[in-house]
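Notes follow the structure.
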Number of protein chains: 2
Amino acid sequence: MTKDINQPKYLKLKEYLKGEMLMGRIKPGEQIPSEHSLAEMFTISRHTVRKAVSILINEGYLTSEHGRGTYCLDRSHKRSTSRNIGVITTYMSDYIFPKVIQGIDSVLSQNGYSIILKNTNNDTINESNCLKDMLEKNVEGLIIEPTKSALFSRNLELFKALDSCGIPFVFIHGYHQNLEDKPYVILDDAAGMYSAVRYLAGLGHKKITGIFKADDIQGLNRHEGYVRALADSRISYDPDNVILFHTEDKEVKPVNFIRDMIMSGSRMDAVVCYNDEIAFKVFQLVEGMGLKVPEDISITGFDDSYLSENGAVRLTSVSHPKERLGMAAAELLLDILSGRNDAADRWQQVIVPELIIKDSCKKRQ
Amino acid sequence: MTKDINQPKYLKLKEYLKGEMLMGRIKPGEQIPSEHSLAEMFTISRHTVRKAVSILINEGYLTSEHGRGTYCLDRSHKRSTSRNIGVITTYMSDYIFPKVIQGIDSVLSQNGYSIILKNTNNDTINESNCLKDMLEKNVEGLIIEPTKSALFSRNLELFKALDSCGIPFVFIHGYHQNLEDKPYVILDDAAGMYSAVRYLAGLGHKKITGIFKADDIQGLNRHEGYVRALADSRISYDPDNVILFHTEDKEVKPVNFIRDMIMSGSRMDAVVCYNDEIAFKVFQLVEGMGLKVPEDISITGFDDSYLSENGAVRLTSVSHPKERLGMAAAELLLDILSGRNDAADRWQQVIVPELIIKDSCKKRQ
DNA sequence: GGAATCAACATGTGCGTACAAGTTGATCTT
DNA sequence: AAGATCAACTTGTACGCACATGTTGATTCC
């Protein structure tokens, strides 16, 4: 090991900095002196400092942040360079998915990443296969809409495998209850449903039927908001007035239930629905039975989708910032990837939706 | 994916050089122009050239030898069986995209492939970047919805590069006119529009306004079907009765035109629209002006999307087997990949759509 | 007390220059 | 003809300057 005294200056500086880091005198996360001060310290030009630093950035020792400074990186695991991010959704419908994926793509593609897309069709076994595929494909990170998130995840081992491979992941829309300490970006579903029910109560409605999805956490949270809003409105909770459905019977159970309730003569004042898809089905059913919305029955949806906008009656719905949600998840993942886990207070992001009042609710006569 | 036109100069040069190499205009082993001459060619400083070159050296594209020159490296060892298929669409909207991607995914995932998804936002420059990305990511094949397919493709070299890398691709929805010998799966757009116009003529309508997109081949073909149907119905073609629009003015031009025509007193009997999005906009405009659909004006859409189903009046539209189209493209690509190109007679698939008659057209009094 | 502003400082981009040092091929010398 | 020399090219190192752009925290203003 000959220490060539005639090394170029930029190599000398590079070796010095690398040595400081390898010996632990500069620790991961720590800021190194600014380019200007390094230039002064070594009596070389800033240009030469930048050359030394750029090599160390390329070798994965440093990272620099515009306007802030240059920082020592954690080199415990070497980075892969596939520049691919896996995205696992539950569905690829025209309902929420397109805008969310647009948001994700706009951020990722701008940062040179590509999306590998998979969907589970809300089936736990498919989720397991998707995760295995992603592990094989050496993606650099994952954005996951959890499947059947109301239940404890059966794929816990696979998520742990992601951890041990150093592949970070961000949940979107919800999270598994046994993975609640992981990063996620979700809506405040309870608050959204709360505002819808409070609004209907304020219009004088007493018998407010609720339709909720029972196999994902969004459904449970929306139900919780429903319960809280009833209590705060001094309306007693009636289990017979609540319909819980699963993915498998979403096409039939809600409408059958509402039809039976109306035909048996016990008509409700209003229906709050898990989402616009259900609300739209209920709307079509009610109008098909000769009743008028909102004159006879008020209806609210959730997600503020095209279904709430394009129909014969515009549905009052709870907003869903779909694109923003996707962008937030992508940005969070990129932050984690770049080692900026100082953003621990941004790991769990909850976006509060708003009630968008349109034409499907009316004061009770 | 927004393509920043204000890229730094060194990035522009980097992208240029990378593109030349990916397209095979600079071959492995070949020497690139000297730093001095590149600086002259791009009227930038040598310093900036060096910055661009140093990035490409780091990425493994180039190697430089002191005193001799800088040379293109062989990147062939990068290729392997990734089990990834690239999918490039024009948009990621909720309109047609979700069902097409569902169809593609259902076939590909069943065969163990994953989708790498990108979209061009119907911008040729973005298409170029998407193709370059895909070349780098060693996908095994590509499904491409062409961008601005009415024009000759400006990315011919990149498509040729795909060929020379042995990466097969299938066009969907349309094809570039200078790539018409490549495999594709498309709709018979002319036949679809023909049936809509013939139907309206059969209802007694004489003045049938047509709205067509002029920058993709679907629009041109639908226009052609319109022209043929008028001729076969013995209605003379009136250029003032036809509106052509581009991606960039789709939001304003069609509706403004129709509004002006109605306000100037020259009302049309019927409007055939490029797609349901336009038809829905026209529908909202017409009703907003106090006219009734279909009593006063008949309207047809195209694509048989949710927009034709959920509105106050169900729009008569031309079917679009979105999911089947995606599946057909994926199956064709898999056939080509497995070497079954004996199916040369299946390389160009044209699916004939049908007119779906609903409630937005009526016999002329 | 909170919002807006701004100066100081960080990195990023880009130009100019100069000279060092390795390679090549033509020319000169013997 | 063989070897030395040298001019003309290449890339490598190093300096200087200017301005753009992003971040931060102190200050000011309402």
Side-chain angles (χ1 to χ4, degrees), chain A residues 3-18 26 29-73 107 110-112 331 334-335 338-343 345-346, chain B residues 2-18 26 29-73:
Chain A
K3 207 68 188 177
D4 195 344
I5 222 70
N6 283 334
Q7 272 188 112
K9 297 182 185 179
Y10 76 95
L11 279 183
K12 280 186 198 163
L13 174 56
K14 187 203 109 175
E15 290 305 330
Y16 166 78
L17 288 173
K18 194 189 240 178
I26 302 177
E30 205 172 309
Q31 185 173 7
I32 68 167
S34 76
E35 296 172 355
H36 180 75
S37 53
L38 279 174
E40 255 191 359
M41 286 162 59
F42 286 78
T43 53
I44 55 179
S45 71
R46 185 174 155 227
H47 177 94
T48 306
V49 174
R50 280 180 69 75
K51 172 123 191 168
V53 168
S54 79
I55 293 172
L56 290 170
I57 290 174
N58 259 310
E59 291 184 3
Y61 283 89
L62 294 174
T63 180
S64 63
E65 294 177 32
H66 195 166
R68 291 192 65 225
T70 303
Y71 299 84
C72 178
L73 273 181
V107 171
Q110 205 145 31
N111 286 275
E331 281 162 2
L334 291 184
D335 278 358
S338 67
R340 245 178 296 166
N341 50 359
D342 61 287
D345 49 326
R346 293 178 53 235
Chain B
T2 50
K3 194 65 226 174
D4 197 346
I5 220 69
N6 284 332
Q7 275 187 103
K9 297 181 182 179
Y10 74 91
L11 279 183
K12 280 187 198 161
L13 174 57
K14 186 202 110 180
E15 290 303 327
Y16 167 78
L17 288 172
K18 192 189 253 182
I26 302 177
E30 204 172 308
Q31 186 173 8
I32 68 166
S34 75
E35 294 172 356
H36 181 73
S37 53
L38 279 175
E40 257 192 356
M41 286 163 58
F42 286 80
T43 54
I44 56 180
S45 70
R46 187 178 153 223
H47 177 94
T48 307
V49 173
R50 282 181 66 75
K51 174 128 189 165
V53 169
S54 77
I55 293 172
L56 290 170
I57 290 174
N58 260 309
E59 290 184 3
Y61 283 88
L62 294 173
T63 180
S64 63
E65 295 176 31
H66 195 166
R68 291 192 65 229
T70 304
Y71 300 85
C72 178
L73 278 177

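Since this is a predicted model, take the numbers as computed values, not measurements. Residue numbers begin at 1 in each chain, while the letters A, B, ... track the order of the sequences.
Remark: P of dT11(D) and NE2 of His36(B) are 11 Å apart, rounded to the nearest angstrom. What separates CG of Leu38(A) from P of dT11(C) is a distance of 8 Å, to the nearest Å. One can place CD of Glu65(A) at 15 Å from C1' of dT21(D), the figure rounded to the nearest angstrom. Atom NZ of Lys9(B) is separated from atom P of dT13(C) by 13 Å (rounded to the nearest Å). As rounded to whole Å, 16 Å separates atom C1' of dA14(D) from atom CZ of Phe42(A). When the P atom of dC15(C) is taken as reference, atom CD of Glu35(B) falls 14 Å away, rounded to whole Å. Rounded to an integer number of Å, the gap from Arg50(B) CZ to dT10(D) P is 13 Å. Rounded to whole Å, atom C1' of dT11(D) lies 18 Å from atom NZ of Lys51(B).
In this structure, of dG12(C), dC15(C), dG16(D), it is dG16(D) that holds the atom nearest to the side chain of Ser45(A). Of the candidate nucleotides dG14(C), dG12(D), dA14(D), dG14(C) has the atom lying nearest to any side-chain atom of Thr48(B). Nearest nucleotide to the Arg68(B) side chain, out of dC15(C), dT24(C), dA18(D): dT24(C). Distances from the side chain of Ile44(A) to the nucleotides dA18(C), dA18(D), dC15(D) place dC15(D) closest. Listed nucleotides dT13(D), dG16(C), dC15(D) differ in distance to Tyr10(A); the shortest reach to its side chain belongs to dT13(D). In the set dA18(D), dC15(C), dT11(D), dT11(D) carries the atom at the smallest distance from any side-chain atom of Ser64(B).
Nearest heavy-atom pair across Cys72(A) and Leu62(A) is CA-CD2, 3.8 Å. What you find for Ser64(B) and Ile57(B) is that their closest heavy atoms are OG-CD1, 3.7 Å.
Residues Tyr10(A) and Ile55(A) have side chains in contact (heavy-atom distance under 4.5 Å, counting atoms from C-beta outward). Between Lys18(B) and Tyr61(B), the closest side-chain pair of non-hydrogen atoms falls below 4.5 Å. The side-chain heavy atoms of Thr48(A) and Leu13(A), taken from C-beta on, include no pair separated by under 4.5 Å.
Considering only side-chain N and O atoms, Ser34(B) lies nowhere under 4.0 angstrom from the phosphate OP1 or OP2 of dC9(D).
Comparing Ser37(B) and His66(A) along DNA chain D, the residue whose closest nucleotide (by nearest heavy atom) sits nearer the 5' end is Ser37(B). Each of Pro33(B) and Gly67(A) has a nearest nucleotide on DNA chain D; the 5'-most of these lies closest to Pro33(B).
Interface remark: the Arg46(B) side chain does not form any donor-acceptor pair with the dG16(C) base, using a distance-only criterion of under 3.5 Å.
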